[in-house]
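Okay, so here's the structure we're looking at.
Chain letters run A, B, ... following the sequence lines, proteins first, then strands; residues in each count from 1. On a predicted model such as this, the values are computed, not experimentally measured, just so you know.
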2 protein chains.
Amino acid sequence: MTFGYISKHKQTILYGVALAVLLFLLKWLEWRFIIVDHTIELYAGCIAVIFTGLGVWLALKLSKPKTTVITVEKELRVNDSTFVLNEAALDETGISKRELDVLLLMAEGLSNQEIAERLFVSLNTIKTHSSNVFAKLDVERRTQAVEKAKRLSIIP
Amino acid sequence: MTFGYISKHKQTILYGVALAVLLFLLKWLEWRFIIVDHTIELYAGCIAVIFTGLGVWLALKLSKPKTTVITVEKELRVNDSTFVLNEAALDETGISKRELDVLLLMAEGLSNQEIAERLFVSLNTIKTHSSNVFAKLDVERRTQAVEKAKRLSIIP
DNA sequence: GCTAAATTCACCCTAAAGTATGACCGAAAT
DNA sequence: ATTTCGGTCATACTTTAGGGTGAATTTAGC
């Protein structure tokens, strides 16, 4: 955009204009008060202005643009399906490995009888384990146990 | 680095040096063959060189660096807690509103008695509803019903 | 080697869950 | 007007879950 270009090089343009105005002012004053031929100074001033412009143009043309790369990290929300066991919570409850086995199968909706068959132990054993789990999780029912265990990240 | 700076502005410096050399060459030739006072041209050349340098310096100093913004997508693993009900799955099961109410409270670990009190109906009503839910979800136990309902995104 | 904790199992008993069946009511659909 | 469906409730019965207690065996730490 034209406006964008102007605002971008505002200082450079301002410098050039100011220099030109200053020179003209000086010349005008000289002509007004001293009737002397100052063509040399005028000539020098013109050359200065022109070559300053040339230098600016050259520099802008030839110098590689200063690029500042700003890296912005954009959050990409991803559904985290990776379950990380909360060992701290597990230790706090004091649930043993075997009890955790029972709890896991419980969470899959198995009955005590099915869990017993799955783990090759008796139904009574599972009852004991599940009772211990309930006590350690401070709940009364298996559904509550599963719910709480999931909340504590003890099970997926 | 100094070397980096030189290589970066190689062309600019070359231009300046070439201009200076050219001027000196001209002056030297003039002095050698024509014995005339060419101080004005020498003066102009000096001014030209100096102001070209000034322009270059100015431009380099004042030119605003172009900023390039690069967005890098960073994966942020987040537990997506936004639950979206799978209405298609719900319709498929044929579970009614009331049955869903019971299922939700079931998932919270409440007993049939507690659900009955919560919904201001009798225990038998809850038993009927839960039995219907089990049949519609093709399961036998409440724990399985909760597990399956969660898998189907019928409940959070 | 001894002790403590974990694992296993048994028996009894109560509470809760689940099955089956039938019935009533009201709203919506045919 | 009749049927269908959802919601309500009841009764009878079976199965499962859960509490309490005790005990044998194994495992792991000191």
Side-chain angles (χ1 to χ4, degrees), chain A residues 85-152 154-155, chain B residues 85-152 154-155:
Chain A
L85 194 145
N86 187 346
E87 284 195 70
L90 212 171
D91 288 351
E92 247 185 84
T93 60
I95 291 175
S96 67
K97 295 143 228 80
R98 203 56 166 169
E99 286 162 355
L100 185 60
D101 291 340
V102 174
L103 183 55
L104 284 164
L105 294 175
M106 220 182 252
E108 290 181 21
L110 301 192
S111 69
N112 286 340
Q113 184 61 56
E114 289 168 333
I115 297 172
E117 284 162 11
R118 193 74 79 85
L119 299 180
F120 305 107
V121 293
S122 83
L123 172 61
N124 287 309
T125 305
I126 302 304
K127 283 189 175 186
T128 306
H129 286 322
S130 57
S131 280
N132 289 337
V133 168
F134 300 155
K136 287 172 180 178
L137 284 178
D138 192 31
V139 295
E140 285 89 43
R141 278 174 290 284
R142 51 178 47 234
T143 45
Q144 287 183 340
V146 170
E147 199 270 336
K148 188 158 190 176
K150 286 193 177 186
R151 246 197 3 246
L152 295 176
I154 290 174
I155 57 173
Chain B
L85 194 144
N86 187 346
E87 283 195 71
L90 212 170
D91 288 351
E92 247 184 84
T93 61
I95 291 176
S96 67
K97 297 143 228 79
R98 203 53 165 170
E99 285 162 355
L100 185 60
D101 290 341
V102 174
L103 183 55
L104 284 164
L105 293 175
M106 220 182 253
E108 289 181 22
L110 300 193
S111 68
N112 286 340
Q113 185 60 56
E114 288 169 334
I115 296 172
E117 285 162 10
R118 192 75 79 83
L119 298 180
F120 305 106
V121 293
S122 83
L123 173 61
N124 288 308
T125 303
I126 301 304
K127 283 190 175 187
T128 306
H129 286 321
S130 57
S131 280
N132 290 336
V133 169
F134 300 154
K136 287 172 180 178
L137 284 178
D138 192 32
V139 295
E140 286 88 43
R141 279 174 290 285
R142 52 174 53 233
T143 45
Q144 286 183 339
V146 170
E147 199 271 337
K148 187 158 189 175
K150 286 194 175 185
R151 244 195 8 242
L152 296 175
I154 290 173
I155 56 173

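Across the protein-nucleic acid pair, B:K127 atom NZ and D:dT16 atom P stand 15 Å apart, rounded to whole Å. The distance from atom CG of A:L110 to atom P of D:dT16 is 13 Å, rounded to the nearest whole Å. Between the CG atom of A:L123 and the P atom of D:dG18 there is a distance of 11 Å, given to the nearest Å. Residue A:L100 contributes atom CG, which lies 20 Å from atom P of C:dA5 at whole-angstrom precision. Rounded to whole Å, the distance from CG on A:N132 to C1' on C:dT7 is 10 Å. At whole-Å resolution of the value, CG in B:L137 and C1' in C:dG18 are 15 Å apart. Note: CD (B:E99) to P (D:dT8) measures 10 Å, nearest angstrom. Here D:dC9 presents its P atom at 10 Å from CG of B:L119, a figure rounded to the nearest Å.
Between A:V146 and the options A:I155, A:I154, A:L104, a side-chain contact (heavy atoms from CB on, under 4.5 Å) holds for only A:I155.
If B:T128 and B:E140 are placed on DNA chain C by their nearest nucleotide, the residue sitting closer to the 5' end is B:E140. Between A:V121 and A:K136, the one whose closest nucleotide on DNA chain C sits nearer the 5' end is A:K136.
Minimum atom distance to the side chain of B:F134 is reached by C:dT19, of the listed C:dT19, D:dG7, C:dA10. Here the side chain of A:R98 is nearest to one of D:dA17, C:dT8, D:dG7, namely C:dT8. Nearest to the side-chain atoms of A:R142 among the listed nucleotides D:dA17, C:dG18, D:dT8 stands D:dA17.
A distance-only check finds no donor-acceptor pair linking the side chain of A:K148 to the backbone of A:V139 [under 3.5 Å]. For A:K136 (side chain) and A:G94 (main-chain N/O), a donor-acceptor pair under 3.5 Å exists by modelled atom type.
Listed pair B:H129 / D:dT8 meets the phosphate criterion, a side-chain N or O lying under 4.0 Å from OP1 or OP2. Taking 4.0 angstrom as the limit, B:T125 places a side-chain polar atom (N or O) nearer than this to OP1 or OP2 of D:dC9. Between C:dG18 and B:R141, no contact under 4.0 Å exists linking OP1 or OP2 to a side-chain N or O. An OP1 or OP2 oxygen of D:dA17 is reached within less than 4.0 angstrom by a side-chain nitrogen or oxygen of A:N112.
A pairwise comparison of heavy atoms in A:A149 and A:L137 identifies CB-CD1, 4.3 Å as the closest pair.
At most 12 non-hydrogen atoms from other residues, nucleotides or ligands lie less than 6.0 angstrom from CD of A:E92.
The residue B:N124 sits close to a base: some heavy atom pair falls under 4.0 Å. Within the 4.0 angstrom heavy-atom criterion, no nucleotide atom of any strand lies near B:S130. Using a 4.0 Å heavy-atom cutoff across all strands shown, B:S131 reaches at least one base atom of the nucleic acid.
Looking at B:S96, its side chain has no donor and acceptor atom pair within 3.5 Å of the base of D:dC5.
In summary, A:E147 and A:R151 engage in a salt bridge, as defined by a charged side-chain N under 4.0 Å from a carboxylate O.
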